[in-house]
Amino acid sequence: MDVLFSKEQIAERVQAIGKQISEEYDGQSIVLIGVLKGAAIFLADLARSITVDNTFDFVAVSSYGRARVSSGAVKLIKDIDNPIEGKHVIIVEDILDTGLTLSYLRQLMLQHKPASLKIATCLDKPERRLVPIEADYACFKIPNRFVIGYGMDYAERYRGVDDIRLYPDTPPGH
Ligand SMILES: O=P(O)(O)OC[C@H]1O[C@H](OP(=O)(O)OP(=O)(O)O)[C@H](O)[C@@H]1O
Ligand code: HPA
Ligand SMILES: [Mg+2]
């Protein structure tokens, strides 16, 4: 599988985003909310590149499989463990693709009344967007190709690959 971004390129971008977040939230505390399972590895690296006070939590949403037709299909499986009311929150994702997952989560997190809410994603695939949503922080913009590695899977495989690779044949539904 062809390498799209090497682990060195990823590390460099994660460091840069971590630095930017640390500067923008200087003197404040932030809560990072990772979206299981894909975001786990990016969150682990991002949290360690942020120098301001931070905690993290995780949510899990139901995968809407290959159909990906309706935003109504996204469902919360695991909610945050700790309240975020009045806190500065950043949702952390591995990839922003159709936007259905993040637009659902964004609305849900806003109901908890955070002081602020932003989105950090490792990858942004803007051509695939079905709903209007943008990331505040993104390591890389990518074309409409299916990718694996650095937390991202194809049928649950390849999450532990430490660079980001193009999956050879676009799987059905993508
Ligand atoms: O913008 P979207 O089209 O909603 O796609 C992006 C979401 O899809 C993937 O998660 P998935 O639901 O496959 O579960 P996973 O994180 O466990 O791999 C990815 O990790 C994002 O969370
Ligand atoms: O390109 C992708 N790879 C892995 N998981 C994904 N979820 C949405 N897009 C992708
Ligand atoms: Mg995910």
Side-chain angles (χ1 to χ4, degrees), residues 1-7 9-10 13-14 17 21 31-47 56-81 84 89-112 114 117-174:
M1 283 186 269
D2 292 338
V3 175
L4 188 59
F5 303 112
S6 68
K7 58 180 180 181
Q9 287 174 301
I10 298 168
R13 285 296 298 143
V14 174
I17 300 260
I21 290 173
V31 183
L32 304 172
I33 299 182
V35 186
L36 294 171
K37 295 176 244 180
I41 291 177
F42 177 46
L43 185 140
D45 285 345
L46 186 65
F56 56 77
D57 206 338
F58 290 98
V59 291
V61 294
S62 65
S63 173
Y64 42 87
R66 305 272 162 240
R68 304 200 162 195
V69 282
S70 146
S71 56
V74 186
K75 204 176 86 201
L76 194 72
I77 291 173
K78 185 218 168 289
D79 206 345
I80 45 173
D81 293 336
I84 56 167
V89 172
I90 303 178
I91 304 176
V92 180
E93 261 290 29
D94 51 346
I95 184 163
L96 173 53
D97 191 317
T98 65
L100 293 175
T101 303
L102 270 173
S103 57
Y104 168 79
L105 280 173
R106 196 172 174 281
Q107 284 313 115
L108 205 70
M109 291 304 129
L110 283 174
Q111 289 172 16
H112 291 281
L117 182 65
K118 288 194 178 182
I119 291 170
T121 187
C122 182
L123 301 184
D124 182 8
K125 209 193 273 187
E127 284 169 45
R128 284 256 306 167
R129 211 77 90 241
L130 291 177
V131 287
I133 185 157
E134 293 305 322
D136 299 283
Y137 309 99
C139 295
F140 305 100
K141 273 197 163 59
I142 62 162
N144 186 8
R145 293 288 306 275
F146 197 83
V147 294
I148 56 90
Y150 199 61
M152 288 167 285
D153 69 309
Y154 175 62
E156 296 296 329
R157 297 179 66 197
Y158 312 116
R159 292 191 196 274
V161 171
D162 63 4
D163 44 26
I164 295 173
R165 295 174 182 239
L166 292 170
Y167 192 75
D169 291 305
T170 305
H174 280 94

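Atoms within a ligand are numbered from 1 in the order they appear, just like the ligands themselves.
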A.B. asks: If we set the cut-off at 4.0 Å for heavy atoms, which region of Arg128 has an atom near ligand 1: side chain, backbone, both, or neither?
C.D. replies: neither
A.B. asks: Over 60° means perpendicular and under 30° means parallel, so tell me whether Phe146 and Tyr167 are parallel, tilted or perpendicular.
C.D. replies: perpendicular
A.B. asks: Looking at Asp163 and Lys7, is there a salt bridge between them, counting it only when a charged N and a carboxylate O are closer than 4.0 Å?
C.D. replies: no
A.B. asks: Does any non-hydrogen side-chain atom of Leu123 lie less than 4.5 Å from one of Phe5?
C.D. replies: yes
A.B. asks: Mind checking whether Asp97 has an N or O less than 3.5 Å away from an N or O of ligand 1?
C.D. replies: yes
A.B. asks: Give the atoms of ligand 1, by number and element, whose distance to some non-hydrogen atom of Asp153 is under 4.0 Å.
C.D. replies: 18 (O)
A.B. asks: Taking only heavy atoms of Asp153 into account, list the atoms of ligand 2 that are under 4.0 Å away from them.
C.D. replies: 4 (C), 5 (N)
A.B. asks: Any non-hydrogen side-chain atom of Cys139 less than 4.5 Å from a side-chain atom of Ile17?
C.D. replies: yes
A.B. asks: Any nitrogen or oxygen of Phe146, side chain or backbone, less than 3.5 Å from one on ligand 2?
C.D. replies: no
A.B. asks: Under 4.0 Å, heavy atoms only, figure out whether ligand 2 is touched by the backbone of Lys125, its side chain, both or neither.
C.D. replies: side chain
A.B. asks: Which ligand 1 atoms, with their elements, are less than 4.0 angstrom from a heavy-atom of Gly38?
C.D. replies: 15 (P), 16 (O), 17 (O)
A.B. asks: Look only at the side chain of Lys125 and the backbone of Arg145, and say whether a donor-acceptor pair between them is shorter than 3.5 Å.
C.D. replies: yes
A.B. asks: Examine the proximity of ligand 2 to Asp97 and report which part, side chain or backbone, both or neither, has a heavy atom under 4.0 Å away.
C.D. replies: side chain
A.B. asks: Looking at Phe140, I'd like to know if its CZ atom is crowded, meaning that more than 12 non-hydrogen atoms belonging to other residues, nucleotides or ligands lie closer than 6.0 Å.
C.D. replies: yes
A.B. asks: Side chains of Leu32 and Asp57: closer than 4.5 Å at any heavy-atom pair?
C.D. replies: no
A.B. asks: For ligand 1, which atoms, with element, lie under 4.0 Å from some heavy atom of Asp94?
C.D. replies: 19 (C), 20 (O), 21 (C), 22 (O)
A.B. asks: So if I count the atoms of ligand 1 from 1 in the order they appear, which ones are less than 4.0 Å from some heavy atom of Leu36?
C.D. replies: 16 (O), 17 (O)
A.B. asks: Nearest 0.5 Å, what's the CE-CG distance between Met109 and Leu117?
C.D. replies: 8.5 Å
A.B. asks: Can you tell which of Leu4, Ile95, Asp45 makes a side chain to side chain contact (heavy atoms under 4.5 Å, CB included) with Tyr150?
C.D. replies: Asp45
A.B. asks: What atoms of ligand 1 come within less than 4.0 Å of a heavy atom belonging to Gly99?
C.D. replies: 1 (O), 2 (P), 3 (O)
A.B. asks: Have a look at Ile142, Asp94, Ile95 and point out the one with the heavy atom closest to atom 7 (N) of ligand 2.
C.D. replies: Ile95
A.B. asks: Is there a side-chain contact between Met1 and Val161 (heavy atoms, below 4.5 Å)?
C.D. replies: no
A.B. asks: As an exercise, identify every atom of ligand 1 less than 4.0 angstrom from a heavy atom of Ile95.
C.D. replies: 6 (C), 19 (C), 21 (C)
A.B. asks: Relative to the heavy atoms of Thr98, which atoms of ligand 1 are at a distance of less than 4.0 Å?
C.D. replies: 1 (O), 2 (P), 3 (O), 4 (O)
A.B. asks: Going by the order shown, which atoms of ligand 1 are within less than 4.0 Å of some heavy atom of Arg159?
C.D. replies: 15 (P), 17 (O), 18 (O)
